[in-house]
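Values below: every heavy atom of this structure, side chains too, minus hydrogens, waters and symmetry copies.
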Amino acid sequence: MADSSFDIVSKVDRQEVDNAVNQASKEVAQRYDFKNVDASVALAGEVVTMEANSPERVLAILDVLQTKLMRRGVSLKSLDLGDKEPKPSGKIYTLSGSIKEGLSQEIAKKITKIIRDEGPRGVKATIQGDEVRCSSKSRDDLQEVIALLKGKDLDADLQFVNYR
């Protein structure tokens with residue numbers, strides 16, 4: 001009998017991120033508390049930039065953006081803000097964050113270690129670029145691995161694809 005396998009990946013639907021940023025931008029432009037404060041949110045490539053004339057307003061824009069991302073089904077783990085402190089640049093405060101895609105090497109190593117240490121025997125996990133492939137003779141063991149990883153709090157939004 002052939003091995004069953006699946007891939008663990010971390011992908012983001014770019015269209016949903018774009019839609020969420022556009023919705024947040026429209027809300028910021030229309031809301032009364034953001035009038036005349038030079039408030040904006042924009043997406044350029046992989047970087048989301050939020051600007052306003054005070055740090056509190058920048059954090060309020062971040063809250064609006066996070067709400068829009070969650071409503072569109074985009075995990076907040078895929079938004080990497082670094083430190084959440086708005087930085088002054090002249091009269092404007094800015095906060096930038098990047099959209100994370102793919103598993104970093106350290107997270108991939110954590111996943112394989114969790115599968116080795118806590119997962120069922122006979123499950124092999126190998127790192128292939130920015131994803132992890134799990135294979136086993138038993139499909140039930142693979143289901144256990146998926147449940148195990150869903151229960152862990154890793155710093156990445158995990159999807160399980162190519163289940164064969």
Side-chain angles (χ1 to χ4, degrees), residues 1-28 40-51 58-59 61-87 94-164:
M1 188 167 113
D3 280 3
S4 299
S5 67
F6 68 89
D7 295 334
I8 304 168
V9 297
S10 179
K11 297 208 182 300
V12 176
D13 187 353
R14 294 282 306 156
Q15 187 63 50
E16 292 298 335
V17 171
D18 195 36
N19 290 341
V21 170
N22 288 337
Q23 284 180 344
S25 179
K26 284 181 183 176
E27 183 172 327
V28 165
S40 68
V41 57
L43 177 68
E46 297 290 317
V47 178
V48 179
T49 306
M50 294 152 278
E51 296 180 336
V58 174
L59 294 175
I61 294 170
L62 173 63
D63 186 45
V64 169
L65 176 65
Q66 287 177 334
T67 303
K68 299 299 180 185
L69 286 170
M70 284 177 28
R71 282 201 183 134
R72 292 220 150 254
V74 178
S75 173
L76 295 182
K77 290 181 180 179
S78 58
L79 180 63
D80 183 23
L81 293 172
D83 62 340
K84 286 189 176 182
E85 278 302 312
K87 301 205 179 355
T94 62
L95 180 63
S96 295
S98 61
I99 305 296
K100 291 191 297 187
E101 269 198 310
L103 296 173
S104 68
Q105 283 294 340
E106 71 179 53
I107 292 177
K109 287 177 184 176
K110 276 185 195 173
I111 290 171
T112 56
K113 183 172 180 0
I114 288 170
I115 293 171
R116 255 194 336 267
D117 295 347
E118 302 173 32
R121 297 279 168 234
V123 176
K124 294 186 287 287
T126 56
I127 299 173
Q128 297 180 339
D130 62 350
E131 59 186 44
V132 176
R133 170 150 303 158
C134 287
S135 59
S136 174
K137 295 217 180 287
S138 167
R139 286 179 169 244
D140 292 338
D141 288 351
L142 293 179
Q143 292 288 342
E144 282 183 47
V145 168
I146 291 174
L148 173 71
L149 290 175
K150 282 185 178 178
K152 296 292 179 184
D153 185 28
L154 295 168
D155 193 28
D157 179 31
L158 300 180
Q159 291 95 30
F160 307 97
V161 297
N162 295 336
Y163 190 82
R164 320 188 175 106

CZ-OG distance between R139 and S5, expressed to the nearest 0.5 angstrom: 9.0 Å

Working for side-chain contact (heavy atoms from CB on, under 4.5 Å), residues L158 and L103: CA-CA 9 Å; L158 300 180; L103 296 173; 3.7 Å; yes

Where V12 and S78 come nearest, the two heavy atoms and their spacing: CG2-CB, 3.5 Å

Steps toward side-chain contact (heavy atoms from CB on, under 4.5 Å) verdict (K84, V58): CA-CA 10 Å; K84 286 189 176 182; V58 174; over 6 Å; no

Residue pair K124 / D3, side-chain heavy-atom distance below 4.5 Å: yes

Side-chain polar contacts of residues 62-73 - donor-acceptor pairs under 3.5 angstrom, sequence neighbours left out - could you list them?
{"residue": "T67", "atom": "OG1", "partner": "D63", "partner atom": "O", "Å": "2.8"}
{"residue": "K68", "atom": "NZ", "partner": "E27", "partner atom": "OE1", "Å": "3.0"}
{"residue": "R72", "atom": "NH1", "partner": "E16", "partner atom": "OE1", "Å": "2.6"}

Gap between atom CD1 of I107 and atom OG1 of T112 - 0.5 Å precision: 12.0 Å

Distance, nearest 0.5 Å, that separates CD of E131 from CD of Q159: 11.5 Å

Rounded distance (nearest 0.5 Å) linking atom NZ of K11 with atom NZ of K100: 15.0 Å

For the student: nearest non-hydrogen atoms of R14 and G45, plus distance: NH2-O, 2.8 Å

Heavy-atom pair with the smallest gap, counting every atom of A156 and K77: O-CD, 3.6 Å

Any V74 side-chain heavy atom under 4.5 Å of D13 side chain: no

Which atom of R121 lies closest to which atom of D141, heavy atoms considered: O-OD2, 3.6 Å

side-chain contact (heavy atoms from CB on, under 4.5 Å) evaluation trace for M50 with L81: CA-CA 11 Å; M50 294 152 278; L81 293 172; 4.3 Å; yes

L43 side, atom CG; I99 side, atom CD1 - distance, nearest 0.5 Å: 6.5 Å

Verdict with reasoning, D155 to K110, per salt bridge (charged side-chain N to carboxylate O under 4.0 Å, His left out): CA-CA 10 Å; D155 193 28; K110 276 185 195 173; over 6 Å; no

Nearest heavy atoms of C134 and I8, plus distance in Å: SG-CD1, 3.8 Å

For R133, the option from T126, N162, D7 that meets side-chain hydrogen bond (donor to acceptor under 3.5 Å, both in side chains): D7

Test side-chain contact (heavy atoms from CB on, under 4.5 Å) applied to P120 and L142, I115, L148, V145, the passing residue: V145

Separation between CZ of F160 and CD of Q143, rounded to the nearest 0.5 Å: 10.0 Å

N19 side chain to Q23 side chain, donor-acceptor N/O pair below 3.5 angstrom: no

Side-chain (S10) to main-chain (D157) donor-acceptor, under 3.5 angstrom: yes

Set of side chain to side chain donor-acceptor pair (under 3.5 Å) partners for K26, sequence neighbours left out: none

Closest heavy-atom pair and its distance - I146, F6: CG1-CZ, 3.6 Å

